[in-house]
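Chain naming here is simple, since letters A, B, ... match the order of the sequence lines and numbering starts at 1 in each. All values below come from the heavy atoms of this structure, side chains included, with hydrogens, waters and symmetry mates left out.
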Protein chains: 2
Amino acid sequence: MKNTNYDEYENPGVTVDLVIFTVSEDALKAMMVRRAEAPYPGAWSLPGGFIKLGESLEEAALRVLKEKTGVDNVYLEQLYTFGQPERDPRARVITVAYFALIPWKQLEQPESNKIADLIWNPVDQLPELAFDHEEILKFAVRRLRTKVSYSNIVYGLMPKSFRLSELQRMYEIIINGSLDKRNFRKRMLATGLLRETGKKDINGAHRPAKLYQFKKMEITYFN
Amino acid sequence: MKNTNYDEYENPGVTVDLVIFTVSEDALKAMMVRRAEAPYPGAWSLPGGFIKLGESLEEAALRVLKEKTGVDNVYLEQLYTFGQPERDPRARVITVAYFALIPWKQLEQPESNKIADLIWNPVDQLPELAFDHEEILKFAVRRLRTKVSYSNIVYGLMPKSFRLSELQRMYEIIINGSLDKRNFRKRMLATGLLRETGKKDINGAHRPAKLYQFKKMEITYFN
DNA sequence: CCAAAAGTGTTATTGATACACCCATGC
DNA sequence: GCATGGGTGTATCAATAACACTTTTGG
């Protein structure tokens, strides 16, 4: 099936590719894996793989996610399907792109760092990427940034409980701008999506912060 | 894209399916075609077809659109990709769904009605549909209804020039609710997306209406 | 002159923004 | 007692929502 001489009646390959986001060191980052083989040997790329005939697209995405991160049960959303005929130089391959959000804390476990040739790269300083993966990644970043402004999607990047200042910081990192503390807190508490845990975070030489958590781990749209 | 050995995996079929919307007789309608062959012989379904190896997904969608409606150069957007393993009883088939908007006037031309076994069906009174096409159609309706409220996407359903009352009616049909005339006009004119044509529509026993058109046929987001 | 749709402003309410000081703790 | 981040309220401005009458035409 290495023909570039396309047969009209042959089926294309179908893959899933994942844009896996996390936030660490005050930056929005995405996972990249180094390709071992041709094409683009040695280049960075998004994690992905061919779908198997018995699995749904989402199952394929979850499988890849689990393989690369060791996690499961995180926010996952279908992004877009990319199918330009020449996007893979070997053969016709259509890819269904997904994006996932993982709190950094869930990735600090030893097992998740076992895989070599895997990096978490700030989305605003990209290396050269294989295939059309730069386009896919930028598409995902745009979608995430848009969605942050009218939903509570950031819950997918937060640890189970957090200070309001940490939540604000998360918004600021993603939208790449600063927010007013008092207005931010008012709005967040007004959504009714947060619950005080009753615990406090004693963290340094300052007043301890109340810890909050999301009532339900579900995306909710404002407005 | 870990696997380079394509032969380990049998490729699924890949189709595009289209939800083609229009508005006539005060109702939002979608195109349905009667299936001739198994599976679901005789059942209504969304227009669609297998993608060819040399064409992009959007080209495939445009091809199907042209075949069924005779039109081209209308609003077309990728909706979602549906890939449950059992969605087609014969074999694994993944479908990339698109939705299109066509002004009813463009469909009144004789050629577009040549195709037998094709209906424009109100989206709130669906017949039984083949495959998972009901799910796809409902997904499209939801997307259209949402998008109408924060963009000028309705331009895709309007004729070249129109009265403001016709534009308002279009919104009302799609969102399935009524709008205040004065607020509607204020908001629409405030967007700056409309231009007076200078012409008037003399239509019946009443004051003639100014005719407007969209400055550019492009989707623009409010807010 | 009657019927039918076009056209037009003001007020009230709501939501968004701007802005500065005191609090509780560790060292 | 001082440095550090936590926590709080009010006033202004902008956007949205509610609401009813006059105008222009054809018949």
Side-chain angles (χ1 to χ4, degrees), chain A residues 23 25-26 145-152 154 158-159 161-173 175-214 220-223, chain B residues 23 25-26 146-152 154 158-159 161-173 175-213 220-223:
Chain A
V23 168
E25 298 167 306
D26 278 0
R145 289 199 163 131
T146 304
K147 225 151 176 171
V148 157
S149 66
Y150 64 91
S151 78
N152 68 335
V154 295
M158 299 300 294
S161 78
F162 46 83
R163 315 192 307 254
L164 285 182
S165 62
E166 289 173 314
L167 184 61
Q168 181 177 345
R169 191 78 200 103
M170 183 61 72
Y171 273 86
E172 291 176 331
I173 289 164
I175 65 172
N176 211 6
S178 69
L179 297 168
D180 179 86
K181 182 163 65 159
R182 280 172 292 188
N183 293 336
F184 177 81
R185 286 168 179 242
K186 246 182 298 177
R187 257 208 320 284
M188 279 300 133
L189 296 173
T191 63
L193 299 171
L194 293 174
R195 185 194 1 254
E196 283 189 37
T197 62
K199 297 183 181 172
K200 297 200 172 187
D201 185 6
I202 301 167
N203 180 318
H206 55 81
R207 178 172 175 176
K210 287 181 189 170
L211 290 174
Y212 291 82
Q213 56 189 200
F214 283 102
T220 305
Y221 296 93
F222 308 155
N223 300 347
Chain B
V23 168
E25 299 166 307
D26 278 359
T146 304
K147 225 151 176 171
V148 158
S149 66
Y150 65 89
S151 79
N152 68 335
V154 295
M158 298 300 295
S161 78
F162 45 84
R163 315 193 306 258
L164 285 184
S165 61
E166 290 173 314
L167 184 61
Q168 181 177 344
R169 191 79 198 102
M170 184 60 74
Y171 274 87
E172 291 176 332
I173 290 164
I175 65 172
N176 209 5
S178 70
L179 297 169
D180 178 88
K181 182 162 67 157
R182 280 171 292 189
N183 292 336
F184 177 81
R185 286 167 178 241
K186 247 181 297 174
R187 255 208 321 285
M188 278 300 134
L189 296 172
T191 62
L193 299 171
L194 293 174
R195 184 193 2 253
E196 282 188 38
T197 62
K199 296 183 181 171
K200 296 201 175 188
D201 184 4
I202 300 166
N203 179 319
H206 56 81
R207 179 171 175 176
K210 287 182 187 169
L211 289 175
Y212 290 82
Q213 57 189 201
T220 305
Y221 296 92
F222 308 154
N223 300 346

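Note on the helix from dC1(C)-dG27(D) to dC27(C)-dG1(D): angle between the axes of the first and last five pairs equals 10°, rounded to 10 degrees.
Atom CZ in R169(A) sits about 14 Å away from atom C1' in dG5(D), given to the nearest Å. In this structure, NZ of K200(A) is placed 11 Å from C1' of dT25(C), rounded to the nearest angstrom. Separating the CZ atom of F184(A) from the C1' atom of dG6(D) is a distance of 14 Å, rounded to the nearest angstrom. I202(B) places its CD1 atom 11 Å from the P atom of dG27(D), with the value rounded to the nearest Å. A straight line from CG of N203(A) to C1' of dC27(C) spans 15 Å, rounded to a whole angstrom. Atom CZ in R182(A) sits about 12 Å away from atom P in dA18(C), given to the nearest Å.
Of the residues near DNA chain D, L164(A) and A205(A), the one whose nearest nucleotide (by heavy atom distance) lies more toward the 5' end is A205(A). Annotation: of the two residues near DNA chain D, K186(A) and L211(A), the 5′-most nearest-nucleotide partner is L211(A).
Of all nucleotides listed (dG7(D), dT17(C), dA17(D)), dT17(C) comes nearest to the side chain of R187(A). You'll find that the side chain of H206(A) is closest to dT25(C), out of dT10(D), dT25(C), dT25(D). The side chain of K181(B) approaches dA20(D) more closely than any other nucleotide in the set dC19(C), dA20(D), dG5(D). Side-chain proximity of D180(A) to dC19(D), dT8(D), dC19(C): nearest is dC19(C). Comparing dG9(C), dA5(C), dG7(D) against the side chain of R163(B) picks out dA5(C) as the nearest. When distances are taken from the side chain of N183(A) to each of dA18(C), dG6(D), dT25(C), the shortest belongs to dA18(C).
The main-chain N or O of T197(B) is never found under 3.5 Å from a side-chain atom of Q213(B) such that the two would form a donor-acceptor pair. Listed for the D201(A) side chain is no donor-acceptor partner under 3.5 Å among the backbone atoms of L211(A).
Within the 4.0 Å cut-off from OP1 or OP2 of dG6(D), at least one side-chain nitrogen or oxygen of S165(A) is found. For the OP1/OP2 pair of dG7(C) and a distance below 4.0 Å, the side-chain nitrogens and oxygens of R185(B) include at least one atom meeting the criterion.
The base of dT8(C) does not come close enough to the side chain of K210(B) for any donor and acceptor atom to sit less than 3.5 Å apart.
Considering only heavy atoms from C-beta on, D26(B) comes within 4.5 Å of R169(B) through its side chain. Side chains of F214(A) and T191(A) form no contact here, defined as non-hydrogen atoms less than 4.5 Å apart.
Atom CZ of R187(B) is separated from atom CG of L179(B) by 7.0 Å, given to the nearest 0.5 angstrom. In this structure, Y212(A) OH and R185(A) CZ are separated by 7.0 Å, a value rounded to the nearest 0.5 Å.
Using a 30° and 60° split on the angle between ring planes, Y171(B) and F184(B) fall in the perpendicular class, above 60°.
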